[in-house]
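So that the names make sense, note that chain A is the first sequence line, chain B the second, and so on, each numbered from 1.
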There are 2 protein chains.
Amino acid sequence: MTSDVTAGRAPSIRDVARLAGVSHQTVSRVLNASPSIRDETRARVLDAMESLQYRPNRAARMLVTSRSRAIGILTSNRVHYGPSSSVMAIEEAARAAGYAVVTASLPSSEPEAIIAALDHLLDQAVEGLVVIAPQTRVFDALASLSIRVPYVTMQSTERDEWHALSVDQITGARIATRHLLELGHRSIYHLTGPQDWIEAEARMRGFLAEMSDWDVPTTAPILGDWTADFGYRAGKELLRFRDFTAVFSSNDQMALGFLHAVRDAGLDCPGDISIVGFDDIPEAAHFAPPLTTVRQDFPELGRRCVALLLGQLEGEPGTRTPSCRSSWYGRRRRHRLASARASAPRSRQPLPTRDGVELTASRGRVLH
Amino acid sequence: MTSDVTAGRAPSIRDVARLAGVSHQTVSRVLNASPSIRDETRARVLDAMESLQYRPNRAARMLVTSRSRAIGILTSNRVHYGPSSSVMAIEEAARAAGYAVVTASLPSSEPEAIIAALDHLLDQAVEGLVVIAPQTRVFDALASLSIRVPYVTMQSTERDEWHALSVDQITGARIATRHLLELGHRSIYHLTGPQDWIEAEARMRGFLAEMSDWDVPTTAPILGDWTADFGYRAGKELLRFRDFTAVFSSNDQMALGFLHAVRDAGLDCPGDISIVGFDDIPEAAHFAPPLTTVRQDFPELGRRCVALLLGQLEGEPGTRTPSCRSSWYGRRRRHRLASARASAPRSRQPLPTRDGVELTASRGRVLH
DNA sequence: GACGGGCATGTGACGCGTCACATCCGCGCC
DNA sequence: GGCGCGGATGTGACGCGTCACATGCCCGTC
């Protein structure tokens with residue numbers, strides 16, 4: 001008796017039900033695609049929804065199902081190509097699966113900041129977490145909060161194998177390293193990312209493994225912070241001695257800075273010093289000289305993250321492998337991949353490909 | 001009588017109330033910092049919350065208050081420095097204000113994609129929207145959905161003035177242009193971004209205005225897409241004629257590509273052709289040569305977006321100006337600015353500053 | 001000593017989509 | 001004709017934090 005025509009309130013299933021001449025439960029069944037609804041009834045309900053501009057109340061559904069259908073992304077606040085692209089892909093994949101994405105970025109890597117960010121996400125009742133950040137620290141913070149939410153990262157750690165993700169950074173790093181070795185380089189420096197980034201560690205491991213396979217002695221990797229500024233400073237420092245002929249940088253930004261230092265030293269990049277980067281950021285082809293780098297399929301990585309996470313959310317916790325292949329998701333993914341490929345106007349020639357990683361020779365130029 | 005000790009259910013205020021020996025309403029009052037609670041009672045309740053690991057149920061609160069305390073960000077899916085940094089800042093500012101951020105990126109700029117993304121955000125019951133994307137199209141989509149959610153963009157349009165934001169891109173573009181003019185250049189090309197990006201339009205307007213002030217004739221701006229690849233292609237094309245001596249690029253990526261083309265043509269950048277970029281991405285200092293560019297304070301921009309949006313959300317709709325200055329927010333913002341400044345290890349020298357925009361001379365090098 | 005006022009706290013209803021269960025209808029069967 | 005069955009639909013309760021209102025209490029006041 002209370003609610004009249006155009007109340008201030010948003011329409012609820014009861015409003016729809018009244019208009020369609022059915023019970024609110026029937027409306028609910030239509031919403032949930034229950035099979036036991038006559039087509040004619042369903043049509044009437046849908047009409048009523050349409051004319052009322054009905055939108056299900058997320059809060060109410062959440063309350064009763066105690067599922068938020070939201071996942072959280074915890075990112076470092078540094079703006080890098082890889083993480084950003086992954087976030088986009090994660091968001092799209094999650095949306096396609098009917099999940100919302102809530103982000104929290106880390107103003108710093110202090111434990112308190114991490115805990116605050118996690119707390120924020122948990123307040124949003126996220127059902128799962130994708131971590132694109134210093135992973136070991138986040139893991140510690142999660143443990144300290146003692147709240148168990150499924151989460152995935154871009155790469156597995158020793159501590160919990162089941163979060164593994166298979167774009168294989170180790171292989172990518174090996175490819176990059178092998179490339180330099182095949183060019184004849186025997187003293188190669190490695191610029192790595194922050195230690196507690198799993199990606200950095202994996203790439204470093206790949207580098208060391210490949211060097212070891214070739215029986216080439218290595219110097220200690222240089223711990224960087226992903227930035228071009230660091231690459232530049234490192235280059236300035238290392239070039240004072242010139243006890244090397246090649247550098248494998250863990251990402252393209254640091255490689256850019258290093259290139260800068262090489263130019264500053266009056267040296268020639270393909271000639272005197274070879275550099276290989278990692279990530280294949282869109283700008284890499286326009287560095288001076290164009291950078292040889294290892295392409296990472298970040299969107300694919302993001303999509304796999306979501307698939308893995310959703311597999312854990314929907315299936316029983318513990319399974320891990322087949323979740324990536326659940327039918328509805330596989331279909332969408334294939335579609336997206338196809339369209340992405342069609343729209344890519346890249347002019348570089350891919351070199352040997354292997355599980356989502358490839359080495360690119362920038363603009364066809366011989367590798368440097 | 002039903003719920004015992006450790007049920008499967010998460011604890012509710014009633015559980016807390018029982019443990020603290022008060023009514024559920026008292027617990028609610030503690031949660032909402034009601035003043036009329038005795039300190040001793042509050043302490044008891046807080047203790048109970050602590051020991052139960054109580055976390056307010058977001059859904060229930062949302063349901064009853066019909067406020068989600070979430071804002072949406074609609075971003076283009078291109079990974080650019082400016083948008084990404086803004087998103088981070090928006091997220092942090094929103095979090096500081098107790099809002100969550102839900103993102104939706106646009107796989108394409110097709111109207112359907114925009115509508116789908118908006119729909120997704122509205123499904124999440126976001127209370128407001130920050131748009132970092134082709135803005136005119138989004139506006140159309142919003143209108144077509146006929147759902148009125150407050151939203152802000154990075155810059156005002158003619159259509160709806162009250163979304164204005166004050167990091168002044170026009171001034172920034174004027175500074176860049178003036179710089180080239182002061183160097184003596186009289187034939188200057190402008191590489192602009194996609195037309196329906198407000199930022200692109202504003203920078204173009206600034207360019208044209210400054211040129212006009214100096215009575216220098218202009219050629220039509222070259223419509224780009226923000227990418228380095230485009231800058232490269234544009235450079236290739238333009239350099240066939242060399243009917244210009246300087247270029248003002250709407251962002252640093254396109255400038256990078258252009259620089260590449262200049263090198264390819266065997267020309268010297270400070271000497272033969274001058275280039276000024278826009279954004280001051282962290283990599284700009286390491287281009288060859290280091291790029292002169294206009295720094296944008298994207299984090300500040302993001303923060304202002306949030307302040308503006310929250311002002312609209314919290315205050316009565318219609319007010320616009322003073323909302324940015326609401327006390328709690330001003331305090332936080334100041335704090336964050338201070339810390340950001342302290343941690344910035346930039347080595348460049350800022351040139352004349354004006355409302356969040358400054359021209360940087362990379363590494364002290366004379367401008368090119 | 002009765003009354004008004006303010007403070008601290010309690011009571012019950014409410015919102016909205018879902019769940020468990022009830023009801024109704026038509027049909028086939030013995 | 002009564003019974004059971006299954007499909008389609010309705011009924012009422014529930015979850016949890018908040019709102020509006022009620023209650024109890026202490027204090028001062030005339």
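For the OP1/OP2 pair of dG10(C) and a distance below 4.0 Å, the side-chain nitrogens and oxygens of Thr26(B) include at least one atom meeting the criterion. Side-chain N/O atoms of Ser66(A) include none lying less than 4.0 angstrom from OP1 or OP2 on dG15(D).
No option in Val101(A), Leu74(A), Ile73(A), Leu121(A) other than Leu121(A) meets the side-chain contact (heavy atoms from CB on, under 4.5 Å) test with Val126(A).
A salt bridge links Glu300(B) to Arg303(B): one of the charged nitrogens lies within less than 4.0 Å of a carboxylate oxygen. Using a cutoff of 4.0 Å between basic side-chain nitrogens and carboxylate oxygens, Arg69(A) and Glu127(A) are not scored as salt-bridged.
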Legend entry - Check against side-chain hydrogen bond (donor to acceptor under 3.5 Å, both in side chains), Thr103(B) and Glu91(A): CA-CA 7 Å; Thr103(B) 51; Glu91(A) 187 276 312; 5.5 Å; no
Anything under 3.5 Å between a protein N or O and an N or O of nucleotides 16-20 of chain D, put it in a table, one pair a line.
from, atom 1, to, atom 2, distance (Å)
dC16(D), OP2, Arg9(B), NE, 3.1
dG17(D), OP1, Tyr54(B), OH, 3.0
dG17(D), OP1, Asn57(B), N, 2.8
dG17(D), OP2, Ile13(B), N, 2.6
dG17(D), O5', Tyr54(B), OH, 3.3
dG17(D), N7, Arg14(B), NH1, 2.7
dG17(D), O6, Arg14(B), NH2, 3.2
dT18(D), OP1, Asn32(B), OD1, 3.3
dT18(D), OP1, Asn32(B), ND2, 3.4
dT18(D), OP1, Arg61(B), NE, 2.8
dT18(D), OP1, Arg61(B), NH2, 3.2
dT18(D), OP2, Ser28(B), OG, 2.8
dT18(D), OP2, Asn32(B), ND2, 3.1
dT18(D), O4, His24(B), ND1, 3.3
dC19(D), N4, Gln25(B), OE1, 3.1
dA20(D), N6, Gln25(B), NE2, 3.4

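The shortest heavy-atom contact between Val138(A) and Leu118(A) is O-CD1, 4.2 Å.
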